[in-house]
Amino acid sequence: ERIEKNILMLSTSTGLYLYNEESEDISSLYEEFFPCFQIVKPDASHYYISMRSGVCIYDKDKKEFSWLSIPELEKTQVLALVYDKKKEFLWIGAENGLYQYSFQTKKTKQIHSLNGQSVKCLLLASDDSLWIGTENGVYLFPYGNENQLEHFMNTAINSYSLVNNVVLNLYEDKDSNIWIGTDCGVSVYNKNSLFKTYNWSQIMKTEENNNLICLLRDSKNNYWLGGINGLGKYNDESKSSIWYRAGNYRHILSRNKTRDVYEDRDGILWICTDGSICHFDKQKNIFVQHLIEDSTHTRNANWAYRILE
């Protein structure tokens, strides 16, 4: 997350870091040894960070940290955050359920219909619908209606059902289709309320599998599918695919686990891995690794989770 003109905030497995693009220096922002997963910026000064022990708040002006006071989330891992600007809500996805924090009332309520569900990812769609990815399929509050909960799961008798119930990532493309990354492939939800399934082994023409963590449709209509076993590139029109991963001498990655895929304003593709960040060189068809560390070479951001411009 960019917090100043040349300063990036990086969330990593060892905490929060600041990276200066001009000097290429990196400094620790938060000393505690907590993995940081996601950063949300509801206003100009505050950053909300999902962590292993709840939600942390960073005040950029005061340069101070505090914790969002939610008793149910103490010592509970929070993986997902989404900010609803219209309603001024912060949706919080945790290992024990879904929570809604109101910036107006400063109060939190637990969504009881999802008590006990391990929430892995959240998506606020362009129509204000909230999608919730869990280990028990995907849930939907259509058009922001919290009283109307829909549940989609894999069923053996329906070929148009969800491909797998362990949902690790959610993504909305420019046509408002919802892409759902699972343990063993991708399902696409369209406006006709049907799921189209893309099985990893079929699109990559392999017997191996990949648990998908991140999804992106780039400006050239290529789909990038990142997971614990590398990164796949798939074009639905040509039906062509490439599997980038460690050990593949033609299409190699520094590390297999790909946590995030991002396309910048110049059309350059970036990924976050366990081996820092990489950008895609289109001419050479390779990923170029960028190692981020401080001047003493004692701190680094090798385990990268998110990248934003």
Side-chain angles (χ1 to χ4, degrees), residues 1-2 6 8-13 17 19-22 24 26 37-39 121 123 168-175 177 179-181 185-186 188 198 200-206 208-293 300-309:
E1 178 74 39
R2 185 176 298 279
N6 297 309
L8 296 176
M9 181 189 293
L10 307 176
S11 61
T12 76
S13 63
Y17 295 86
Y19 175 66
N20 189 307
E21 294 176 305
E22 289 186 346
E24 297 186 348
I26 187 168
F37 301 107
Q38 199 164 3
I39 303 172
C121 52
L123 171 69
L168 301 173
N169 192 264
L170 295 161
Y171 171 75
E172 181 181 21
D173 66 24
K174 62 183 180 181
D175 298 320
N177 297 310
W179 290 69
I180 303 166
V186 182
V188 182
Y198 293 82
W200 178 266
S201 60
Q202 292 174 344
I203 63 178
M204 291 296 154
K205 302 176 179 62
T206 178
E208 297 184 57
N209 213 337
N210 195 1
N211 295 355
L212 298 182
I213 302 172
C214 53
L215 308 169
L216 175 75
R217 181 183 182 183
D218 68 19
S219 56
K220 302 296 183 182
N221 290 326
N222 297 305
Y223 293 97
W224 296 87
L225 317 169
I228 65 173
N229 197 16
L231 175 71
K233 177 185 178 183
Y234 176 68
N235 188 286
D236 198 26
E237 295 179 1
S238 64
K239 307 300 180 186
S240 61
S241 62
I242 299 176
W243 191 353
Y244 297 88
R245 55 177 174 165
N248 184 341
Y249 71 96
R250 291 185 59 194
H251 307 294
I252 193 167
L253 284 183
S254 59
R255 295 291 189 276
N256 273 338
K257 193 166 186 177
T258 307
R259 292 191 179 90
D260 194 28
V261 188
Y262 178 77
E263 185 179 26
D264 68 20
R265 67 186 70 179
D266 297 319
I268 299 174
L269 195 81
W270 296 82
I271 63 172
C272 295
T273 75
D274 279 358
S276 194
I277 62 175
C278 306
H279 86 271
F280 184 61
D281 187 322
K282 295 179 181 179
Q283 293 183 340
K284 296 180 180 180
N285 196 29
I286 60 172
F287 280 92
V288 180
Q289 185 183 27
H290 299 269
L291 296 176
I292 302 173
E293 59 183 18
N300 61 62
N302 284 350
W303 281 24
Y305 285 84
R306 293 289 184 273
I307 186 166
L308 292 172
E309 191 173 10

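Basis for what follows: all heavy atoms, side chains included, without hydrogens, waters or symmetry-related copies.
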### Message
Within the structure provided, determine whether W200 and L225 are in side-chain contact (heavy-atom separation under 4.5 Å).
### Response
yes
### Summary
In terms of heavy-atom contacts, D260 and R306 come closest through OD2-CA, 3.5 Å
### Message
Using a 3.5 Å distance criterion without hydrogens, assess whether the side chain of S240 forms a donor-acceptor pair with backbone atoms of N235.
### Response
no
#### Entry: Minimum heavy-atom distance between C278 and Q289, given as atom pair plus value
SG-CA, 3.8 Å
### Query
Under the side chain to side chain contact (heavy atoms under 4.5 Å, CB included) criterion, do L269 and L216 qualify, and how do the steps go?
CA-CA 10 Å; L269 195 81; L216 175 75; 3.5 Å; yes
### Query
Do the side chain of D173 and the main chain of D175 share a donor and acceptor less than 3.5 angstrom apart?
yes
### Task
With rounding to the nearest 0.5 Å, note down the distance linking CZ in R245 to CZ in R255.
16.0 Å
#### Entry: Name of the residue among W270, F280, W179 meeting ring-ring contact (aromatic ring centres under 6.0 Å, His included) with W224
F280
### Task
Side-chain contact test, heavy atoms from C-beta onward, threshold under 4.5 Å: evaluate it for N221 versus K174 and give yes or no.
yes
### Message
Has N256 got a side-chain atom pairing as donor or acceptor with A246's backbone, closer than 3.5 angstrom?
### Response
yes
#### Entry: Contact check, side chains of V261 and L215, non-hydrogen atoms, under 4.5 Å
no
### Closest non-hydrogen atom pair between S276 and I292, with its separation
OG-N, 3.7 Å
### Qualifying residues under ring pair (Phe, Tyr, Trp, His ring centres under 6.0 Å), relative to W303, sequence neighbours excluded
none
### Task
Could you tell me how the ring of Y244 sits relative to the ring of F287: parallel (under 30°), tilted (30 to 60°) or perpendicular (over 60°)?
perpendicular
### Message
Quick check against the 3.5 Å criterion: does D266 have a side-chain atom that pairs as donor or acceptor with the backbone of I268?
### Response
no
### Query
Looking only at atom types and distance, does a side-chain atom of N210 sit under 3.5 Å from a main-chain N or O of I228, one as donor and one as acceptor?
yes
### Exercise: identify the closest heavy-atom pair between W243 and N229
NE1-O, 2.9 Å
### Message
Looking at N169 and I213, would you say the former's side chain and the latter's main chain have a donor-acceptor pair under 3.5 Å?
### Response
yes
### Message
Applying side-chain hydrogen bond (donor to acceptor under 3.5 Å, both in side chains) to Y262 and D264, what does each step give before you reach the verdict?
### Response
CA-CA 6 Å; Y262 178 77; D264 68 20; over 6 Å; no
### Message
With a sphere of 6.0 Å drawn around NZ of K239, does it hold more than 12 non-hydrogen atoms of other residues, nucleotides or ligands?
### Response
yes
### Task
Answer yes or no: is there a side-chain heavy-atom contact under 4.5 Å between I180 and L170?
yes
## Note on the structure
Heavy-atom closest pair (L168 atom, C121 atom, distance to 0.1 Å) is C-SG, 3.6 Å
### Query
At what distance, to the nearest 0.5 angstrom, does CG of N302 lie from OG of S254?
9.0 Å
#### Entry: Interatomic spacing from CG in N285 to CZ in R250 - rounded to 0.5 Å
9.0 Å
### Results of ring pair (Phe, Tyr, Trp, His ring centres under 6.0 Å) for Y171 - residues two or more places apart only
none
### Message
I need the Y305 OH to F37 CZ distance, nearest 0.5 Å.
### Response
5.5 Å
### Task
Decide if atom NZ of K205 counts as having more than 12 heavy atoms of other residues, nucleotides or ligands within a radius under 6.0 Å.
yes
### Task
Would you name the heavy atoms of I203 and S241 that are closest together and state the gap between them?
O-OG, 2.6 Å
### Task
Working to the nearest 0.5 Å, report the span between CD1 of I286 and NE2 of H251.
11.5 Å
